[in-house]
Amino acid sequence: MADEENKPRAVGLFSGGLDSILALRLVALQGVRVTALHMRLPFSGDSGVDELEGLARGLGADEFILYRPGEEFCRILARPRYGYGKNANPCVDCKLMLMKRAKGLMEELGADFVFTGEVLGERPMSQRRQAMDILERESGLVGRLLRPLSAGLLPMTEPERTGIVDREKLKDFRGRGRKPQMALADELGVSAYPSPAGGCLLTDPVFGRRVFELLEHDGCTVGGLRLLPHGRHFRLPGGSKLALGRDNEDNDALRSVAVPGDLILDARVSSPVGVLRHRVGAVPDEDLELAASLVAGYAKPQEGPRVSVYVAELTGAGDDEVLPQLEVIPADRFDPEIRRLMV
Ligand code: SF4
C-alpha cells in the first residue's frame with residue numbers, strides 16, 4: 001500500500017475513444033497511478049458510464065471521476081472565445097474547460113501531471129499545434145500537460161524531464177490516419193474500442209441547428225440543453241418551445257428532463273408526450289392550444305374530430321398540478337404551416 005502511495009500520479013482525460021484508451025494504457029504501463037476524468041455534457045445522459053469506468057479500470061486506472069459541467073458549459077456554448085467548429089461545437093473552449101477541471105483535480109489529488117489522448121493534427125480545430133499550445137498555456141498546465149501519443153513531436157514536459165515517464169516509450173503520431181493507433185492497440189492488447197464515428201452531438205448539423213435556435217430564442221440553460229436530443233421540436237408563435245416524443249423511449253426521456261414550470265401534455269391514446277416550456281412566465285394561451293392540437297395530431301389512432309388532451313404543470317414538489325383538459329382538433333402534421341414551426 002505504501003508503495004502505491006509513493007507512485008507518481010496523473011489525471012488523464014478519458015472520453016472512452018481509442019486515443020484516450022491508448023494514452024491511459026501507455027501512462028499506466030509506466031507505473032503511474034491514473035485518475036481517469038470523463039466528461040458528460042448537459043445533453044448527454046448517463047448511459048454507458050459504468051461500462052467506461054470498467055474499461056478505464058481494466059486499462060490500469062485506479063480511479064474514475066465523472067465531470068458534468070453545467071452553467072460553465074452554457075457560458076462557453078453561448079459565447080465561445082475561440083469560436084465554433086463546423087457546427088455548434090466550441091471545441092477549443094470546451095477542451096479548455098475540461099483541462100482546467102483536470103488541473104484542479106491534479107492539485108486536489110497532489111498529482112504530478114495531466115495527460116490527454118490528443119494527436120497532433122488529428123482534428124482541424126482543437127488539435128492543431130497552435131490550438132494545443134493555447135490549451136496548455138490557458139489551462140495553466142505549462143510543462144505539466146503530457147500528450148503521450150504525440151509526445152515525440154512536442155517539447156519535453158516536466159514528467160519526462162524528471163523521469164516520471166520515459167519519453168522513449170511515448171509516441172510521435174501525427175495526422176488523421178488511424179493505422180498507427182490500431183497497430184499500437186494490437187501491440188498493447190487493447191481489443192475493445194469504439195469506431196471513430198459517433199461522438200459529440202454538437203458536431204451533428206441537425207443537433208447544431210437546434211442548439212443555435214435555442215441560443216437565439218431562450219438563451220443557454222442547462223434545462224434547455226437537456227431537452228434538445230429528445231423527440232420533435234417546435235417553436236410556437238408565442239415563443240414557447242414544444243418537444244414531442246416520437247416513441248415511448250422519447251416520452252420517458254422527455255418526462256425525465258422536464259423541469260418545474262413545464263407543462264406536460266398527453267392525449268393518452270398511444271400519443272406522444274409533449275413538454276411545453278416558455279422562457280419567462282406562463283405559456284401563452286395560443287401556444288397551449290396549438291401544442292395540444294400538435295399532441296393530438298401526432299397521436300394514433302385519433303378519436304373523432306376532437307381529441308382530449310390532458311395537461312399538468314410540473315411543480316417539482318411531488319404531485320403535478322392538473323390543469324383543465326383541452327378538447328382540440330388535431331393539427332395536420334403535413335401542413336406546411338405546421339412544418340415551418342419545426343426546429
Ligand atoms: S467534440 Fe464536443 S465534447 Fe469534444 S471538445 Fe468539441 S464540443 Fe467538446
Side-chain angles (χ1 to χ4, degrees), residues 11-24 36-49 52 55-56 64-105 114-139 141 145 147 149-150 175-176 178 181 193-215 220-222 224-229:
V11 174
L13 307 191
F14 187 70
S15 67
L18 179 57
D19 293 340
S20 68
I21 288 174
L22 296 174
L24 196 164
L37 177 63
H38 178 69
M39 175 172 75
R40 284 282 162 118
L41 294 176
F43 42 78
S44 310
D46 284 331
S47 119
V49 169
L52 279 180
L55 177 62
F64 178 91
I65 290 182
L66 178 62
Y67 170 44
R68 279 201 163 282
E71 292 305 325
E72 70 268 44
F73 182 70
C74 274
R75 281 192 291 279
I76 66 162
L77 184 60
R79 209 181 271 260
R81 200 165 142 212
Y82 293 100
Y84 300 101
K86 257 189 171 171
N87 295 294
N89 48 313
C91 288
V92 176
D93 296 78
C94 178
K95 269 222 167 122
L96 190 51
M97 174 186 72
L98 178 56
M99 284 183 183
K100 285 180 178 170
R101 178 68 194 102
K103 177 177 182 267
L105 196 55
V114 168
F115 69 90
T116 77
E118 290 163 296
V119 171
L120 187 61
E122 186 179 75
R123 293 190 197 280
M125 189 174 191
S126 59
Q127 293 180 26
R128 286 172 297 118
R129 178 62 196 270
Q130 192 194 12
M132 289 169 78
D133 288 346
I134 289 172
L135 290 169
E136 180 174 358
R137 199 173 54 243
E138 296 206 7
S139 62
L141 282 167
L145 180 58
R147 276 95 170 205
L149 299 183
S150 289
R176 300 173 69 96
R178 306 289 290 164
Q181 281 94 322
Y193 52 85
S195 70
C200 175
L201 276 174
L202 293 170
T203 62
D204 176 87
V206 176
F207 190 79
R209 277 201 296 279
R210 280 191 180 180
V211 169
F212 287 129
E213 197 274 348
L214 177 78
L215 297 180
C220 192
T221 62
V222 172
L225 291 176
R226 294 186 72 204
L227 204 59
L228 291 187

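Whatever order the structure lists ligands and atoms in, that order sets their numbers, starting from 1.
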- Criterion salt bridge (Lys or Arg N to Asp or Glu O under 4.0 Å) on D19 and R178, from CA distance to verdict: CA-CA 9 Å; D19 293 340; R178 306 289 290 164; 3.4 Å; yes

- Message: With salt bridge (Lys or Arg N to Asp or Glu O under 4.0 Å) as the criterion, how do E138 and K95 come out once you've worked through the C-alpha distance, each side chain's angles and the decisive distance to 0.1 Å?
- Response: CA-CA 11 Å; E138 296 206 7; K95 269 222 167 122; over 6 Å; no

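- With salt bridges taken as basic N to acidic carboxylate O contacts below 4.0 Å, one links D46 and R68.
- No side-chain heavy atom of L105 sits less than 4.5 Å from a side-chain heavy atom of Y67.
- In this structure, N89 and C94 have side chains that are not in contact, with every pair of non-hydrogen atoms separated by 4.5 Å or more.
- Shown here are the protein N/O/S atoms lying under 2.8 Å from atom 2 (Fe) of ligand 1, water excluded: C200 SG.
- For the pair L135 and R147, the minimum side-chain heavy-atom distance is below 4.5 Å.
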